[in-house]
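For reference, positions follow the sequence shown, starting with 1.
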Amino acid sequence: MATATVTAPATTDERAIADLQREHGPALLSFLLGLTYGDQQRAEDLLQETLVRAWLHPEAFDGPYESMRPWLFTVGRRLAIDARRSRMSRPTEIGDGVLATTPDPADVTETAVAVLDVRAAVESLSREHQAVLVRIYFQGLSVNEAAESLGIPPGTVKSRSYYALRALARCLPGYSRPRATTAGGS
């Protein structure tokens with residue numbers, strides 16, 4: 001019965017990696033900070049990954065150059081480019097703050113509260129303004145159709161619609177626009 005032996009891949013001696021980090025680490029970190037626009041965390045991650053690559057490739061130590069610095073800088077630069085391309089190819093991430101303020105679409109409470117607010121605001125309007133809004137926004141009629149239905153001119157429908165929406169903006173929280181100040185300071 002033949003047994004297969006599995007040999008572990010050759011790696012660089014830990015002492016050589018420690019010497020490499022001590023000798024070239026600060027310069028490589030400074031270089032990577034420039035490539036990451038000053039992002040300390042990313043630069044440190046790239047430095048660590050570069051040293052892991054040196055550990056996994058002991059043949060790099062036997063290269064034709066006097067110093068490992070050019071090899072380390074090339075590997076670090078390529079890792080930085082790959083990381084940037086990876087981030088650019090996926091959608092941007094959002095922070096927890098946006099998620100905390102975004103209402104849950106499955107939660108019908110927000111919708112119900114909004115419906116009640118709009119209903120109360122519409123009921124606070126005059127009958128003429130209510131009639132125009134109901135026909136234009138709730139029934140989907142055009143200005144001309146609403147005018148014909150109400151027996152008033154289209155210009156009156158437009159005017160009532162404009163003033164009704166302004167009144168709603170004052171009544172509904174979060175929908176009012178800040179007023180522009182005039183030269184008189186009002």
Side-chain angles (χ1 to χ4, degrees), residues 2-118 120-121 165-166 168-186:
T3 60
T5 55
V6 178
T7 58
T11 57
T12 307
D13 177 37
E14 289 180 28
R15 171 174 266 145
I17 292 296
D19 291 342
L20 190 71
Q21 182 177 8
R22 192 172 21 265
E23 184 178 348
H24 302 291
L28 183 57
L29 179 62
S30 177
F31 173 70
L32 293 171
L33 273 169
L35 293 179
T36 59
Y37 304 104
D39 187 339
Q40 183 78 24
Q41 183 65 43
R42 281 204 177 114
E44 289 174 0
D45 288 346
L46 290 170
L47 173 65
Q48 183 177 8
E49 182 61 29
T50 302
L51 293 174
V52 167
R53 298 284 171 96
W55 178 68
L56 291 173
H57 295 281
E59 68 275 5
F61 286 85
D62 300 329
Y65 25 80
E66 293 179 24
S67 172
M68 282 291 292
R69 190 170 282 196
W71 186 88
L72 289 170
F73 275 57
T74 301
V75 170
R77 183 177 61 79
R78 289 180 180 165
L79 288 171
I81 290 169
D82 289 347
R84 177 158 171 80
R85 285 180 181 159
S86 176
R87 280 191 315 279
M88 298 303 285
S89 69
R90 61 183 169 169
T92 56
E93 298 173 2
I94 58 172
D96 292 341
V98 173
L99 294 176
T101 60
T102 304
D104 182 8
D107 185 14
V108 295
T109 308
E110 291 292 325
T111 305
V113 168
V115 166
L116 290 173
D117 285 344
V118 170
L165 291 176
R166 283 188 58 170
L168 286 178
R170 287 190 301 269
C171 294
L172 294 171
Y175 291 101
S176 61
R177 294 182 186 158
R179 293 180 181 216
T181 58
T182 61
S186 58

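- For the atom pair CZ (Arg22) and CG (Asp19), the distance works out to 4.5 Å, reported to the nearest 0.5 Å.
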Can you check side chain to side chain contact (heavy atoms under 4.5 Å, CB included) on Tyr37 and Arg42, steps first, answer last? CA-CA 10 Å; Tyr37 304 104; Arg42 281 204 177 114; over 6 Å; no
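- Within 6.0 Å of the CZ atom in Arg87, the count of heavy atoms belonging to other residues, nucleotides or ligands exceeds 12.
- Distance check: Gln41 CD to Glu44 CD gives 6.0 Å after rounding to the nearest 0.5 Å.
- Here the OG-NE2 distance, from Ser67 to His24, works out to 4.0 Å after rounding to the nearest 0.5 Å.
- Within 6.0 Å of CD in Gln48 there are 12 or fewer heavy atoms belonging to other residues, nucleotides or ligands.
- Here the side chain of Ser30 pairs no donor or acceptor atom with the backbone of Pro26 at under 3.5 angstrom.
- Annotation for Leu46 and Ala83: closest pair CD2-CB, 4.5 Å, computed over non-hydrogen atoms.
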Check against side chain to side chain contact (heavy atoms under 4.5 Å, CB included), Arg53 and Leu79: CA-CA 10 Å; Arg53 298 284 171 96; Leu79 288 171; 3.5 Å; yes
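- Of all non-hydrogen atoms in Ala43 and Leu32, the two that sit nearest each other are O-CD1, 3.8 Å.
- Put simply, the side chain of Thr74 gets close to the backbone of Pro70: a donor and an acceptor are under 3.5 Å apart.
- Atom CG in Leu51 sits 6.5 Å away from atom CG in Leu28 (nearest 0.5 Å).
- With rounding to the nearest 0.5 angstrom, the CG atom of Leu47 is 10.0 Å from the CD atom of Gln40.
- Note that the CG atom of Leu72 and the CD atom of Gln21 stand 10.5 Å from one another [nearest 0.5 Å].
- Closest non-hydrogen pair, Thr50 versus Gly76, comes out as OG1-CA, 3.4 Å.
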